[in-house]
Protein chains: 2
Amino acid sequence: MVTIKEIAEMAGVSRTTVSRVLNNSGYVSEEARKRVEKVITETGYAPSEHAKSLRTKKSKVIGVILPTIQTETPSRIVTGVGKELTNNGYQILLANTNLDKEKEIEYLDLLRLRQVDGIILIATNTDPTLLEKIKEIKVPVVIVGQEAEDMMYVTYDDYHAAHDLTSLFIEKGHTNIAFIGVDEADKSVGYLRKAGFLDAMTSNGLAVEPEWIQTGVFDIDSGHEAMKLILKNASITPTATIAVTDRLAIGAMSYLKEKGIRIPNQMALAGFGASEITKYLDPPLTTVDYQNEKAGEQAAKQILAKIESKNYQKQIILDYRLIIRKSV
Amino acid sequence: MVTIKEIAEMAGVSRTTVSRVLNNSGYVSEEARKRVEKVITETGYAPSEHAKSLRTKKSKVIGVILPTIQTETPSRIVTGVGKELTNNGYQILLANTNLDKEKEIEYLDLLRLRQVDGIILIATNTDPTLLEKIKEIKVPVVIVGQEAEDMMYVTYDDYHAAHDLTSLFIEKGHTNIAFIGVDEADKSVGYLRKAGFLDAMTSNGLAVEPEWIQTGVFDIDSGHEAMKLILKNASITPTATIAVTDRLAIGAMSYLKEKGIRIPNQMALAGFGASEITKYLDPPLTTVDYQNEKAGEQAAKQILAKIESKNYQKQIILDYRLIIRKSV
DNA sequence: CTATGCTATGGAATCGATTCCCTAAAAATA
DNA sequence: TATTTTTAGGGAATCGATTCCATAGCATAG
């Protein structure tokens, strides 16, 4: 590994001058610059990032904490983040919690120790301990997918998306609508989407039977189970179901097919997330597109602006788009 | 940020002693160790990774290059890699090529400059330029998903998997079997799976009409298109189709459904990859499970062993498992 | 002709660890 | 008791950059 010292010697200048060429700062004569540049290209020299980081306290690395890499939402966000960061000479240090909440906090510490310049946290909750930790470490953090007071975040308008989707069902004449949700500790997916649903029902004067509301986790089987419970327990069978994720909807769909219940005739169905597969389901699933990749880009832009103390918008709520397909 | 110097002062010892406690190396009296440890926990001190890396030439970071994070295979591999690395105090530096071959080479260089201790390359090809670059950089590289002479790799037995799957169809009485492949530059997915298919056909004395073989890319639409071409162009209509990925199979399935062709009665279908969704399709799709997460773990184990100059197996070919479902 | 400012460059300190080498006390051995 | 070995711990160099400060030549202004 060739170092700045060797480059300096080979070019017949001091390390200082090489550094000046590298960062083009300070005074360097055209002649000296040429010599240095020649040696650099000849040797393929590149400065040591560690030495640089040690001296400058900047690592050009952004930590990304995510709950899982195996579902589309976080994958797309990371793709967006990656694109934006690469364009700016930054790299991603990945921290996968595998859905372990504790690890979100652990990784915040770990990434700080790794001296990342910033952290993008694809959050599944906004627990006070998490928020405290975010404040405690001095590294800039952008939360994606949740809103939280005082924090930098990029999130989606979950409430209105759910509200709109519910309204769509109501317009189509449905009055008995079931809902498959998740734990409300996830404020965006669990709480806000449910609130949007409930408010839309209420403001249309529609009642919601308690049996119509089921809670699952983030997987397909869970949607299957929830649909089963809805159909088993409800005294009045709903004619439509909203699931807060596409995977839950897919699970619900599989149960309906098992039972020979036709979609959308006997049961209309919609999900959230615009999973690629939804387009190819039979029938194609109505869903909400959140443009996750864009969210990732935004988050990256925000954190870079913050790091480089440029102007940035602290809190961003992105738009959504209903994708209406044959399942309704 | 508290440094080793401050810790030393606070504990009334030299930096050397603190370093000894940190790395428990050399002689340190029980008493001194206690004092140092106390100060460390009190201050929450953690040594600077950059200073450490600069001195030791080790970064405890492994670069992972992948073609996309948005399909299940690489996601699962990264999950496996992540688990194994985290257990050993290593981190992942992510480099997403977004399917751009050139970037694979670029990132090898970039990661070297970042002084990663090793690189895991989820490869889509084994072009000579790529292999040369791997040899050129002195960092240990493990390839996942492709085999290549002299290289460290973890891959799957694509040939036999395809062979077995084809044999399964033949046993079920199919004689006219179509095949949806991909570019053979991808040796594993493109070449070997096709070779396994063709050899199984030949050794059973079955002919393969050229129209039965279509080539797509790695997306669902492409499978749709391929299925259309097969049915349009073939003089003898096949009764079964093997697609080299689940996504291609899903595309094929969607075309079949559009045309009202029943699966498996009129057309049996199988894919590769054990995508989660395949279980919930209608009918559930027969596929090949490659245990990608395990592959990731293996790759991580290999590279760590290499780095720490322990024993390791240079080339690993993992087992597969046919998941036979109602689509055949 | 001297003072000032700009250009060009290098020396040396610094970032925060690790580690080689040295010294000295304590313990073991002769 | 004298000598060797083990234990304990510090000084200082080092890793590879950046950056402050000093110096010196040369052009321009006064």
Side-chain angles (χ1 to χ4, degrees), chain A residues 1-40 43-61 89 110 112-117 138-139, chain B residues 1-40 43-61 89 91 110 112-117 138-139 308:
Chain A
M1 188 93 280
V2 44
T3 72
I4 197 172
K5 200 179 150 204
E6 303 172 55
I7 300 295
E9 279 162 12
M10 292 169 77
V13 296
S14 72
R15 317 217 288 291
T16 311
T17 302
V18 177
S19 177
R20 286 200 184 105
V21 172
L22 250 26
N23 302 291
N24 52 7
S25 59
Y27 292 114
V28 180
S29 66
E30 200 47 44
E31 200 208 344
R33 153 165 284 119
K34 280 273 156 61
R35 283 212 311 281
V36 171
E37 276 167 354
K38 184 151 168 280
V39 175
I40 287 178
T43 54
Y45 163 79
S48 149
E49 295 290 339
H50 291 303
K52 225 152 78 171
S53 297
L54 178 59
R55 188 61 230 252
T56 61
K57 308 287 178 205
K58 305 234 161 296
S59 61
K60 291 264 182 176
V61 172
L110 194 120
R112 177 179 60 87
L113 296 182
R114 288 272 181 187
Q115 252 120 350
V116 296
D117 293 341
K138 295 294 178 195
V139 184
Chain B
M1 187 94 281
V2 44
T3 72
I4 197 172
K5 201 179 149 204
E6 302 172 56
I7 300 294
E9 279 162 11
M10 292 170 77
V13 297
S14 74
R15 318 218 286 291
T16 311
T17 303
V18 177
S19 177
R20 288 202 183 104
V21 172
L22 250 27
N23 302 290
N24 53 3
S25 60
Y27 292 113
V28 180
S29 66
E30 201 46 43
E31 199 208 345
R33 154 165 283 118
K34 282 272 156 62
R35 284 212 310 282
V36 171
E37 276 168 354
K38 184 152 167 279
V39 175
I40 288 178
T43 54
Y45 163 79
S48 149
E49 296 289 340
H50 291 303
K52 223 151 82 173
S53 298
L54 177 59
R55 186 63 229 251
T56 62
K57 308 287 178 205
K58 305 235 161 297
S59 60
K60 290 265 181 176
V61 171
Q91 290 276 298
L110 193 118
R112 178 178 59 87
L113 296 182
R114 288 273 181 188
Q115 250 119 349
V116 297
D117 293 341
K138 296 294 180 194
V139 184
E308 291 158 11

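All chains are named by letter (A, B, ...) in the order of the sequence lines, taking the proteins before the strands, and each is independently numbered beginning at 1. Owing to the predicted nature of the structure, the values given are computational and were not obtained by experimental measurement.
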Working for side-chain contact (heavy atoms from CB on, under 4.5 Å), residues B:Gln115 and A:Met1 | CA-CA 10 Å; B:Gln115 250 119 349; A:Met1 188 93 280; 4.2 Å; yes
Kindly indicate whether the side chain of [X], heavy atoms from C-beta on, has any atom under 4.5 Å from the side chain of [Y].
X: A:Val21; Y: A:Val13; value: no
X: B:Thr16; Y: B:Arg20; value: yes
X: A:Val61; Y: A:Glu49; value: no
X: B:Tyr45; Y: B:Leu22; value: yes

Could you state the atom-to-atom distance from [atom1] of [X] to [atom2] of [N] in whole Å?
X: A:Arg114; N: C:dG16; atom1: CZ; atom2: C1'; answer: 16 Å
X: B:His50; N: C:dT18; atom1: NE2; atom2: C1'; answer: 17 Å
X: B:Leu113; N: D:dG16; atom1: CG; atom2: P; answer: 14 Å
X: B:Lys58; N: C:dT19; atom1: NZ; atom2: P; answer: 11 Å
X: B:Arg55; N: D:dC15; atom1: CZ; atom2: C1'; answer: 6 Å
X: A:Lys52; N: C:dG16; atom1: NZ; atom2: P; answer: 18 Å
X: A:Arg35; N: C:dT9; atom1: CZ; atom2: P; answer: 8 Å

In residues 2-13 of chain A, which residues come under 4.0 Å of DNA chain D by heavy atom?
-> A:Thr3, A:Ile4
Can a donor-acceptor pair under 3.5 Å be found between the side-chain atoms of B:Arg20 and the base atoms of D:dG9?
-> yes
Rounded to the nearest 0.5 Å, what separation is found between the CZ atom of B:Arg15 and the OG1 atom of B:Thr3?
->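 Output value for this atom pair is 8.5 Å.
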Can you tell me how far OG of A:Ser53 sits from CZ of A:Arg114, rounded to the nearest 0.5 angstrom?
->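 Output value for this atom pair is 12.0 Å.
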What is the nucleic acid contact for B:Ser19, judged by heavy atoms within less than 4.0 Å: base, sugar-phosphate only, or nothing?
-> base
Can a side chain N or O of A:Lys57 be found less than 4.0 Å away from OP1 or OP2 on C:dG16?
-> yes
Residue pair A:Met10, A:Lys38: steps toward the side-chain contact (heavy atoms from CB on, under 4.5 Å) verdict = CA-CA 10 Å; A:Met10 292 169 77; A:Lys38 184 151 168 280; over 6 Å; no
Taking the side chain of [X] as heavy atoms from C-beta outward, which of [options] is closest to it?
X: B:Thr16; options: D:dC15, D:dG10, C:dA17; answer: D:dG10
X: B:Ala32; options: D:dG9, C:dT14, C:dA17; answer: D:dG9
X: A:Arg15; options: C:dG16, C:dA13, D:dG16; answer: C:dA13
X: B:Thr17; options: D:dG10, D:dA13, D:dG16; answer: D:dG10

Could you identify which residues of residues 22-31 of chain B place a heavy atom less than 4.0 Å from some atom of DNA chain C, listed by residue number, or say none?
->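 Residues of residues 22-31 of chain B that come under 4.0 Å of DNA chain C are, in numerical order, B:Asn23.
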Keeping the roles fixed (side chain from B:Thr56, backbone from B:Lys52), state whether a donor-acceptor pair exists under 3.5 Å.
-> yes
